[in-house]
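Heads up: the structure comes next, in structure tokens.
When a ligand or atom number is given, it counts from 1 through the structure's own listing order. Numbering of residues begins at 1 and proceeds along the displayed sequence. As the structure is a computational prediction, the values presented were derived from the model and not from experiment. Side chains included, hydrogens not; waters and symmetry mates left out as well; all remaining heavy atoms used.
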Amino acid sequence: MRIVVDLTRCQAYAQCVFLAPQVFELHGEEALLYSADVPDEQLDRVRQAVVACPVRAILLGEEVGVGVR
Ligand code: SF4
């Protein structure tokens, strides 16, 4: 499953890092790094991160726009 994080929205609250540390990583105070290709075993954690993100910056799978598979 693919994800995209809208980094213009992300405020580095780090909820996603807390919930899925193997997918999301914060570098410094506000640089979020993430793996766009989520392995199946991480999917539940990523779904929790999607819901937990205070600014709804994480888009998952079918919500991801044209050009991303
Ligand atoms: S939870 Fe949302 S705002 Fe916070 S670091 Fe993750 S994507 Fe950014």
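At a heavy-atom cutoff of 4.0 Å, ligand 1 is contacted by no atom of Val17, backbone or side chain. Residue Gln11 touches ligand 1 through its backbone alone, judged by heavy-atom distances below 4.0 Å. Under 4.0 Å from ligand 1, the heavy atoms of Ala14 that appear belong solely to its backbone. Contact annotation for Ala12 and ligand 1: only backbone heavy atoms (N, CA, C, O) come within less than 4.0 Å of the ligand. Counting heavy atoms under 4.0 Å from ligand 1, residue Leu26 does not touch it at all.
Residue Arg9 comes nearest to Arg56 through the heavy atom pair NH1-O, 3.0 Å, listed as atom of the first residue, atom of the second, then distance. Nearest approach of Ala52 to Gln15, heavy atoms of both residues: O-CG, 3.9 Å. Annotation for Met1 and Gly61: closest pair SD-CA, 3.2 Å, computed over non-hydrogen atoms.
In the vicinity of Tyr13, heavy-atom distances shorter than 4.0 Å reach the ligand 1 atoms 3 (S), 4 (Fe), 5 (S). The ligand atoms of ligand 1 that sit less than 4.0 angstrom from a heavy atom of Val55 are 3 (S).
Between atom 6 (Fe) of ligand 1 and Cys10 there is no N/O/S contact shorter than 2.8 Å.
Protein heavy atom in closest approach to atom 6 (Fe) of ligand 1: Cys16 SG, 2.2 Å. Looking at atom 2 (Fe) of ligand 1, its nearest protein heavy atom turns out to be Cys53 SG, 2.3 Å.
Side-chain N/O atoms of Ser35 and Asp37 include no donor and acceptor closer than 3.5 Å.
A side-chain contact (heavy atoms from CB on, under 4.5 Å) with Phe24 holds for exactly one of Leu19, Ile58, Leu33; it is Ile58.
Side chains of Val5 and Leu59 form no contact here, defined as non-hydrogen atoms less than 4.5 Å apart. In this structure, Val46 and Leu60 have side chains that are in contact, with non-hydrogen atoms separated by less than 4.5 Å.
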